2 protein chains.
Amino acid sequence: MSKSLKEMDVLRQHLAKHQLKLTRQRELILTAFLRQEHVTAETMYHQLAKKDPHLGLATIYRTLNLFCEAGIAQARHFGTQTQYDNISHKGHHDHLICTGCGTIVEFENCEIERLQEEVATKNGFVIQTHRLELYGLCARCRH
Amino acid sequence: MSKSLKEMDVLRQHLAKHQLKLTRQRELILTAFLRQEHVTAETMYHQLAKKDPHLGLATIYRTLNLFCEAGIAQARHFGTQTQYDNISHKGHHDHLICTGCGTIVEFENCEIERLQEEVATKNGFVIQTHRLELYGLCARCRH
DNA sequence: TATCATCTTGAGACGGCTTATCAATTTCAA
DNA sequence: TTGAAATTGATAAGCCGTCTCAAGATGATA
C-alpha cells in the first residue's frame with residue numbers, strides 16, 4: 001500500500017505540523033506524482049481524470065504547491081508553464097535541455113554540487129536547494 | 001554618445017543581418033538596459049515613461065526579446081515574471097538567492113562552468129546558455 | 001533628396017497559466 | 001457522533017506576455 005512510502009510520511013508530518021488534513025485527493029495526487037520525474041499540473045489533471053473525473057485542476061495546483069512546501073516537490077518555471085519535479089524520490093538532479101526539440105536529459109555531478117557549497121559558504125549562505133539548467137542543442141538537432 | 005558602445009554595434013550587426021531597422025525606441029531601450037544588471041519589462045516601462053510617455057509595453061517586450069536573439073540579454077523566468085539579464089556587459093553570472101529576504105548575490109565560477117561543459121559534451125550537447133541558482137539563507141536571515 | 005517597400009510602433013484585445021472565491025463537503029479531535 | 005476547521009470543485013478573476021493592425025518610421029535606391 002502506498003501509505004508505507006517514505007514520502008507519504010513526510011507529507012503526513014508536514015500536514016500535522018501545519019494543522020492540515022490528509023485527504024483522499026492528496027493521497028491520490030501524491031502516489032501519481034511519485035511515479036514520475038517531472039510533471040505539469042495539466043498533465044496530472046489528464047492522467048488522474050481516469051481515476052477521479054471530478055478532481056479539479058485547482059486542487060492539483062494547490063496540492064503540488066503543498067508538496068513544494070513539504071519538500072517533496074520543486075517547482076520550475078519552464079517556458080510558460082510550471083514543472084513540478086520529484087526531488088524526494090530520486091534525490092536532486094539537474095537538467096540538460098535541448099532548445100531545438102525540448103528533450104530533457106537529467107544528470108548529477110557531485111563535483112559541481114561541492115563547488116556550489118563552496119561558493120555559498122564563501123558568501124555566508126547555507127544552501128537549501130538549487131537549480132541548474134544547461135540549455136543547448138542535442139546531437140540530433142545540430143544537423 | 002551611446003552609439004559608440006560595444007553592445008550598440010552588436011545590435012547593429014544583428015539588425016543588418018536580419019533586415020531589421022534601428023529605431024529610436026531600440027536605441028533608447030538598449031542604453032537604459034545596459035545600465036542595469038537585470039530588469040523586467042514592467043520595470044523598464046516605468047523607468048522609460050519619463051523619457052518617452054508613449055513608449056508601449058509591447059515594444060519593450062519585443063525589444064528585450066530582440067536583445068536575447070542578438071546575444072545581448074538573457075531571459076530568465078523568475079517567480080511569475082521574466083527577468084532580462086545583461087550578459088553582454090559584465091559577462092555571464094549566476095545567482096545566490098536568499099529565501100529569507102530575497103537578496104540576490106551574483107557570482108562566477110570558472111570551475112563550475114568547465115564541469116558543465118564536460119557534462120554537456122558527455123551527453124552530446126553543445127551548450128548555448130545556462131542558469132544556475134542557489135537558494136538558501138544568508139548570514140543575517142539565519143538568526 | 002525623394003520615393004516607397006518594408007519594418008516597427010502603440011494601443012488594446014486576446015490567450016494561457018495560475019490563483020482566488022465561496023458554497024458544499026470532508027476530515028479528525030474530542 | 002459531533003462540530004469546528006480545513007478542503008474541494010467549479011468557475012471567475014488576475015497576471016503576464018504575445019498578437020493584431022492601422023498609422024508611422026526607416027533606409028535602400030534612384
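None of these values were measured; they are calculated from a predicted model. Lettering of chains follows the sequences in order, A, B, ..., and the numbering in each one begins at 1.
- Rounded to an integer number of Å, the gap from CG of B:Asp52 to P of D:dA25 is 12 Å.
- For A:Gln25 and D:dG9, the shortest distance from a side-chain N or O to OP1 or OP2 is below 4.0 Å.
- No side-chain N or O of B:Gln74 forms a donor-acceptor pair with one of B:Gln83 less than 3.5 Å apart.
- With distances taken from any side-chain atom of A:Leu55 to the nucleotides D:dG9, C:dG10, C:dT8, the minimum falls on D:dG9.
- Taking the six-membered ring wherever Trp is involved, the centroid distance between the rings of A:His95 and B:His130 does not fall below 6.0 Å.
- Atoms CZ (B:Arg76) and P (D:dC16) sit 16 Å apart, rounded to a whole Å.
- A:Thr40 comes within 4.0 angstrom of no nucleic acid atom, judged by non-hydrogen atoms across all strands.
- Within a 6.0 Å radius of CZ in B:Arg140, no more than 12 heavy atoms belonging to other residues, nucleotides or ligands are found.
- Using a 4.0 Å cut-off, no side-chain N or O of A:Thr80 falls inside it from OP1 or OP2 of D:dG17.
- Of the listed residues (A:Ile72, A:Thr40, A:Asn65), just one forms a side chain to side chain contact (heavy atoms under 4.5 Å, CB included) with A:Tyr84, and that residue is A:Asn65.
- The side chain of B:Asn65 places an N or O atom within less than 4.0 Å of a non-bridging phosphate oxygen (OP1 or OP2) of D:dT18.
- What separates NE2 of A:His77 from P of D:dC16 is a distance of 12 Å, to the nearest Å.
- Rounded to whole Å, atom P of D:dT26 lies 8 Å from atom CZ of B:Arg24.
- Regarding contacts with the backbone of D:dA6, every side-chain N or O of A:Thr23 stays at 4.0 angstrom or more from both OP1 and OP2.
- In this structure, CG of A:Leu11 is placed 14 Å from P of C:dT27, rounded to the nearest angstrom.
- Counting non-hydrogen atoms under 4.0 angstrom, B:Leu57 reaches nothing in the nucleic acid.
- Following rounding to the nearest Å, B:Leu66 (CG) and D:dG17 (C1') show an atom-to-atom distance of 16 Å.
- Comparing atom distances between the A:Gln81 side chain and each of C:dG10, C:dC17, D:dG9 picks out C:dC17 as nearest.
- Of the two residues contacting DNA chain D, namely B:Thr82 and A:Pro53, the nearest-nucleotide position lying further toward the 5' end is that of A:Pro53.
- Summarising the geometry, the separation between OH on B:Tyr45 and P on C:dA11 is reported as 7 Å, rounded to the nearest angstrom.
- Residue B:Thr59 places at least one side-chain N or O under 4.0 Å from the OP1 or OP2 atom of C:dG10.
- Counting only distance, with no hydrogens or angles, the side chain of A:Gln81 and the backbone of A:His77 share no donor-acceptor pair below 3.5 Å.
- A:Tyr61 has no side-chain polar atom (N or O) that falls below the 4.0 Å cut-off from OP1 or OP2 of C:dT19.
- Protein atom CG of A:Leu28 is 17 Å distant from nucleotide atom C1' of C:dT27, rounded to whole Å.
- For D:dG9, its base sits under 3.5 Å from the side chain of A:Arg62 at one donor and acceptor pair at least.
- Each of B:Ile60 and B:His18 lies near DNA chain C, and the nucleotide nearest B:His18 is the one positioned closer to the 5' end.
- Within the 4.0 angstrom heavy-atom criterion, no nucleotide atom of any strand lies near A:Glu42.
- Side chain of A:Asn123 to main chain of A:Val119: a donor-acceptor pair is present (N/O by atom type, distance under 3.5 Å, no hydrogens or angles).
- At least one side-chain nitrogen or oxygen of A:Arg26 sits closer than 4.0 Å to the OP1 or OP2 atom of D:dT7.
- At the phosphate of C:dA11, OP1 or OP2 sits under 4.0 Å from a side-chain N or O atom of B:His54.
- Donor-acceptor pairing under 3.5 Å, judged by distance alone, is present between the side chain of A:Lys21 and the base of D:dA5.
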